Protein chains: 2
Amino acid sequence: MLGYQLKHLQSALRSRMDESLRELGLSTPQYVCLEQLRRRPGASNSELARRGFVTRQTMNTLLRGLQDRGLVTRPEKAETGRALPTTLTDAGGQLLDRAAERIARIQERMISRLDSAQRERLAGDLELCIAALEEGEG
Amino acid sequence: MLGYQLKHLQSALRSRMDESLRELGLSTPQYVCLEQLRRRPGASNSELARRGFVTRQTMNTLLRGLQDRGLVTRPEKAETGRALPTTLTDAGGQLLDRAAERIARIQERMISRLDSAQRERLAGDLELCIAALEEGEG
DNA sequence: AAATCTATGTCAGAATGCTTACATGAGTCA
DNA sequence: TGACTCATGTAAGCATTCTGACATAGATTT
């Protein structure tokens, strides 16, 4: 039953995010990617894929779209190894600012009926669930 | 941040479910569909779609696959209206039994680090989040 | 009764993401 | 040094799911 609730909540959250980001010409996965790049400037494609819970092929096509729109940049060749460090452009950073504000409002709305103690508990409980499911394969 | 945790948890849960169901030749959406049919025998395609958080087109293709495998049945024509009431076949029910047992183990593992009070709290908190996101368009 | 609205099933096409596969660069070990 | 392992980037094909569109059946309104 909890799994069903999780799916329900994620579906509702995703819908709200898509609706709000559409006005900026962004999809939810694209927003997630930009957000990761702000937290981890210079991250490689594979690293972004792991953090975004998609395959690196999926992240690759995602990055190309963002690259074509001038929101992120990647060097043609790697200085060392094969990883291509990706960074936000100024335009990407500005668009991300606008997107992040919208997403923050949605997340705030999502937890608006929880007091601060409930919010902390919820985050902690979710973390315990994640750890339990991932133990044994990292 | 909570949105990211939700995605993380859902991704992990989905992976475990896919892994376990693959041995039965089922995908997670197919399992969800069968489970809904057990709870709501005779449900229409559109009803199943709403409860599964997918479009009715998606549910339609899903149902056809289950139908071709003899796991569910639908009448050719509706007695009244256009809705075609779908029901589990014996084979579908038996396969669902095996699948449900596996899924139950995974969900139990997911919440294994939470005591009963935490589990109830978590379910309640998730419900509050869902309601907050859906108020105004339900 | 006729028109309108709503819900349903279905088709076609596009978008999205995954699986499989391959080539390359770097580290490890014999 | 050479073989092996691992991680990365990329390409091709497939599966899944969505959007848009249309026809039909029943309910509602006029």
Side-chain angles (χ1 to χ4, degrees), chain A residues 7 10-12 14-19 21-22 25-33 36-37 40 42-69 72-87 137-138, chain B residues 7 10-12 14-19 21-22 25-33 36-37 40 42-69 72-87 137-138:
Chain A
K7 184 168 185 176
Q10 172 110 39
S11 171
R14 174 68 181 260
S15 293
R16 299 296 156 275
M17 290 176 69
D18 281 341
E19 287 168 10
L21 290 173
R22 186 173 305 123
L26 284 178
S27 69
T28 296
Q30 287 175 327
Y31 162 74
V32 172
C33 177
Q36 290 297 332
L37 280 173
R40 309 262 173 175
S44 72
N45 174 34
S46 290
E47 187 176 351
L48 291 169
R50 281 190 297 268
R51 296 184 181 281
F53 309 108
V54 296
T55 63
R56 50 190 206 280
Q57 293 87 338
T58 297
M59 182 57 74
N60 201 353
T61 61
L62 209 60
L63 276 180
R64 288 196 187 170
L66 296 174
Q67 206 170 0
D68 291 346
R69 289 172 58 183
V72 307
T73 53
R74 278 196 292 181
E76 284 292 325
K77 291 190 68 67
E79 296 197 355
T80 176
R82 300 198 70 198
L84 302 175
T86 313
T87 53
E137 62 257 291
Chain B
K7 184 168 187 175
Q10 172 109 42
S11 171
R14 174 67 181 260
S15 294
R16 299 297 156 272
M17 290 176 69
D18 281 340
E19 287 168 10
L21 291 174
R22 186 172 305 123
L26 283 178
S27 68
T28 296
Q30 286 174 329
Y31 162 74
V32 172
C33 178
Q36 290 298 332
L37 280 174
R40 307 263 172 176
S44 72
N45 175 34
S46 290
E47 186 176 352
L48 291 169
R50 280 190 296 268
R51 296 184 182 279
F53 309 108
V54 296
T55 63
R56 54 188 203 278
Q57 293 89 334
T58 296
M59 183 57 73
N60 202 352
T61 64
L62 211 58
L63 276 181
R64 290 196 185 169
L66 296 174
Q67 205 170 0
D68 291 346
R69 288 172 58 187
V72 307
T73 54
R74 280 195 290 181
E76 285 291 325
K77 291 191 67 69
E79 296 198 357
T80 175
R82 299 199 71 198
L84 301 175
T86 313
T87 52
E137 65 257 287

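Because the structure is a prediction, the values reported are computed rather than measured.
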Could A/Arg64 and A/Asp68 be called an ion pair, given the rule that one side-chain N must be under 4.0 Å from one carboxylate O? no

Rounded distance in Å - CD (A/Gln57) to P (D/dT8): 12 Å

Residues A/Leu21 and A/Ser27: closest non-hydrogen pair is CD1-O, 3.8 Å

How many angstroms lie between atom CZ of A/Arg51 and atom NZ of B/Lys7, to the nearest 0.5 angstrom? 14.0 Å

Quick one: label A/Thr61 by what it contacts on the DNA or RNA (base, sugar-phosphate, nothing), any heavy atom closer than 4.0 Å. nothing

Test: B/Glu47 and B/Arg50 ion pair at under 4.0 Å: no

Give me the distances for all protein-to-nucleotides 22-24 of chain D N/O pairs that come in under 3.5 Å?
| unit_1 | atom_1 | unit_2 | atom_2 | d |
| --- | --- | --- | --- | --- |
| D/dA23 | N3 | B/Arg82 | NH1 | 3.1 |
| D/dT24 | O2 | B/Arg82 | NH1 | 3.4 |

Going by heavy atoms closer than 4.0 Å, what residues in residues 26-33 of chain A are next to DNA chain D? none

Separation of D/dC18 P from A/Glu19 CD (nearest whole Å): 15 Å

Between B/Leu63 and B/Asn45, is a side chain to side chain contact (heavy atoms under 4.5 Å, CB included) present by the stated rule, with each step listed? CA-CA 8 Å; B/Leu63 276 181; B/Asn45 175 34; 3.8 Å; yes

Would you mind telling me which of C/dG9, D/dT17, C/dT10 lies closest to the side-chain atoms of B/Ser44? C/dG9

When the distance from CZ of B/Arg64 to P of C/dG9 is rounded to whole Å, what number comes out? 11 Å

Taking all non-hydrogen atoms of both residues, which atom of B/Lys77 and which atom of B/Leu84 are closest, and how far apart? C-CD2, 3.8 Å

Do other residues, nucleotides or ligands put more than 12 heavy atoms under 6.0 Å from the CZ atom of B/Arg40? no

Starting at CG of B/Asp18 and ending at P of C/dG17, how long is that distance when rounded to a whole Å? 16 Å

OP1 or OP2 of C/dG9 under 4.0 Å from side-chain N/O of B/Ser46: yes

Could you give the CZ-to-C1' distance, from B/Phe53 to D/dC18, as a whole number of Å? 17 Å

Listed nucleotide nearest any side-chain atom of B/Thr80, set D/dG26, D/dT19, C/dT8: D/dG26

Looking at A/Asp18 and A/Arg14, does any basic side-chain N land under 4.0 Å from a carboxylate oxygen? yes

Atom pair distance, as rounded to whole Å: CG in B/Asn60 and C1' in C/dG13: 16 Å

Using whole Å, what does the distance between atom P of nucleotide C/dT8 and atom CG of B/Leu48 come to? 11 Å

Stepwise side chain to side chain contact (heavy atoms under 4.5 Å, CB included) check, B/Thr86 with B/Leu37: CA-CA 7 Å; B/Thr86 313; B/Leu37 280 174; 3.9 Å; yes

In whole angstroms, the gap separating P of C/dG25 from NZ of A/Lys77 amounts to 6 Å

Considering only heavy side-chain atoms of B/Arg50, the closest of C/dT8, D/dT19, C/dA21 is C/dT8

Would you give the length of the straight line joining atom OG1 of A/Thr58 to atom CG of A/Leu48, rounded to the nearest 0.5 angstrom? 13.0 Å

Applying a 4.0 Å non-hydrogen cut-off, can you work out what A/Thr58 is touching in the nucleic acid: base, sugar-phosphate, or nothing? base

First of A/Thr55 and A/Gly81 reached from the 5' end of DNA chain C, by closest nucleotide: A/Thr55

